[in-house]
Amino acid sequence: MDLQLQGQVALVTGGSKGIGEAIVRALLAEGMRVANVNRSADEGQALEREYAERGQECSFIQADLSDADSCQRAVQTALDRFGRLDVVINNAGVNDGAGLDAGAERFIRSLQRNLVHYYLIVHHAREELIRRRGAVVNIGSKVAVTGQGGTSGYAAAKGAINSLTREWALELAQHGVRVNTVIPAEVWTPMYAEWLATLPDPQQARRDIERLIPLGQRFTTAEEIAAMVVFLASPRSAHTTGQIIYVDGGYTHLDRKYVPPAVT
Ligand code: NAP
């Protein structure tokens with residue numbers, strides 16, 4: 001299927017690693033031009049070089065998105081480099097464990113890392129998105145609906161992202177701009193590996209989690225998240241907006257006691 005994205009421009013936050021990197025690669029595979037806004041530089045610059053050698057644009061913009069001014073600069077830089085912006089993918093975030101005991105400063109910091117930049121990127125891009133009748137895809141988390149324990153800031157941010165998906169979809173519908181959210185649950189990425197490494201027996205913990213995922217007893221791949229994101233970014237999903245879509249092998253909603261029958 002031609003997703004009709006050839007030549008369009010996407011801004012992706014946190015596009016240098018994990019789910020974001022898979023999204024960047026999937027958008028480029030559809031012939032899009034990409035502005036990758038990321039804090040650390042090495043992987044982003046390497047991606048830019050890799051695609052430049054193939055004649056494709058994967059422009060790296062360095063920014064710490066937890067700083068409000070950086071969000072404005074990132075959008076402006078993308079517009080200056082490409083002259084247009086059709087798609088925003090809000091992806092950067094960190095499950096930073098600011099729990100009930102963390103207090104005001106860490107809680108607010110967690111919202112700055114996980115929520116405020118989602119708003120600011122769309123705020124600064126809105127006029128251009130309206131001009132292009134573009135699309136926004138947010139990356140949320142199952143934690144918004146399941147909770148996790150010990151991570152109030154992240155849970156609050158991801159819950160708010162679900163709410164903003166509905167709010168922005170409605171506000172922007174009159175302009176033909178669509179807004180959707182993709183929810184991962186268990187995806188093997190650098191962030192996930194770091195978290196698992198904090199547990200007493202990471203290998204056993206991984207097996208225990210995999211057993212709870214109904215479809216295939218395995219983690220979702222970052223590429224499987226990216227495939228849904230690209231579809232939602234594309235005109236092929238022209239009548240889909242305000243949706244919160246779980247790409248999680250059934251983990252969030254199906255019965256986690258399910259055990260597949262033994263293969264004989
Ligand atoms: P990851 O492996 O840590 O990658 C995140 C990327 O975002 C990194 O490149 C990181 O850059 C960048 N980033 C983070 N904070 C940033 C900031 N303040 N400014 C600029 N760049 C920033 O994480 P991931 O697992 O792919 O997660 C991506 C998204 O999926 C997040 O929103 C996360 O909440 C969500 N999610 C993931 C899972 C999962 O199972 N992995 C589950 C549910 C939801 P640095 O190199 O500077 O760190």
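Given the structure is predicted, the values throughout are model-derived calculations rather than measurements. Just follow the structure's listing: the first ligand is 1, and inside any ligand the first atom is 1.
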Among all protein heavy atoms in this structure, tell me which lies nearest to atom 11 (O) of ligand 1, with the distance rounded to 0.1 Å. Asn38 ND2, 2.9 Å
Counting heavy atoms under 4.0 Å, the part of Ala63 that contacts ligand 1 is backbone
Run down the list Asn90, Ile19, Asn91 and name the one with the heavy atom closest to atom 29 (C) of ligand 1. Asn91
Aromatic Tyr251 / basic Arg256 pairing, under 6.0 angstrom, 45° off normal: yes
May I ask you to identify the nearest protein heavy atom to atom 22 (C) of ligand 1, giving residue, atom name and distance to one decimal place in Å? Ala92 CB, 3.7 Å
Report the distance from atom CZ of Arg166 to atom OG1 of Thr241, rounding to the nearest 0.5 Å. 10.0 Å
Contact atoms of ligand 1, heavy-atom distance to Glu186 under 4.0 Å: 40 (O)
Report the part of Trp188 (side chain from C-beta onward, or backbone N, CA, C, O) that has a heavy atom under 4.0 Å from ligand 1; answer both or neither where that applies. neither
Protein contact to atom 34 (O) of ligand 1 [nearest heavy atom, distance to 0.1 Å]: Tyr154 OH, 2.5 Å
Flag Lys17 as yes when one of its N or O atoms lies below 3.5 Å from any N or O atom of ligand 1, and as no otherwise. yes
Tell me the protein heavy atom at minimum distance from atom 24 (P) of ligand 1, and give that distance in Å. Thr189 OG1, 3.6 Å
Filtering Ala185, Ala74, Ala157 for the heavy atom nearest atom 42 (C) of ligand 1 leaves Ala185
Between ligand 1 and Gly18, is the shortest N or O to N or O distance under 3.5 Å? no
Write out the residue and atom name of the closest protein heavy atom to atom 18 (N) of ligand 1, then the distance separating them to 0.1 Å. Asp64 OD1, 3.1 Å
Among all protein heavy atoms in this structure, tell me which lies nearest to atom 23 (O) of ligand 1, with the distance rounded to 0.1 Å. Met191 CB, 3.3 Å
Side-chain donor-acceptor pair present, Asn36, Glu48, cut-off under 3.5 Å: no
Are Arg206 and Asp208 ion-paired here, with the side-chain N under 4.0 Å from a carboxylate O? no
Please report which non-hydrogen protein atom sits nearest to atom 14 (C) of ligand 1, along with the residue it belongs to and the distance in Å to one decimal place. Arg39 NH2, 3.5 Å
Using heavy-atom distances, let me know which of Ser141, Ser70, Gly140 sits nearest atom 35 (C) of ligand 1. Gly140
Pick one of side chain, backbone, both or neither for how Val94 approaches ligand 1, counting any non-hydrogen atom pair under 4.0 Å. neither
If you draw a 6.0 Å radius around CG in Leu199, do more than 12 non-hydrogen atoms from other residues or ligands fall strictly inside? yes
Atom 46 (O) of ligand 1: closest protein heavy atom, distance to 0.1 Å, is Ser40 OG, 2.4 Å
For Gly140, is there any backbone N or O sitting under 3.5 Å from a side-chain donor or acceptor partner on Asn138? no
Pi-cation contact, Tyr51 with Arg54 (under 6.0 Å, within 45°): yes
Give the numbers and elements of all ligand 1 atoms closer than 4.0 Å to a heavy atom of Tyr192. 39 (C), 40 (O)
Centroid-centroid under 6.0 Å between Phe219 and Tyr192 rings: yes
Test item, Trp195 contacting ligand 1 (heavy atom, 4.0 angstrom): no
Per-atom filter on ligand 1: closer than 4.0 angstrom to a heavy atom of Tyr118 are 32 (O)
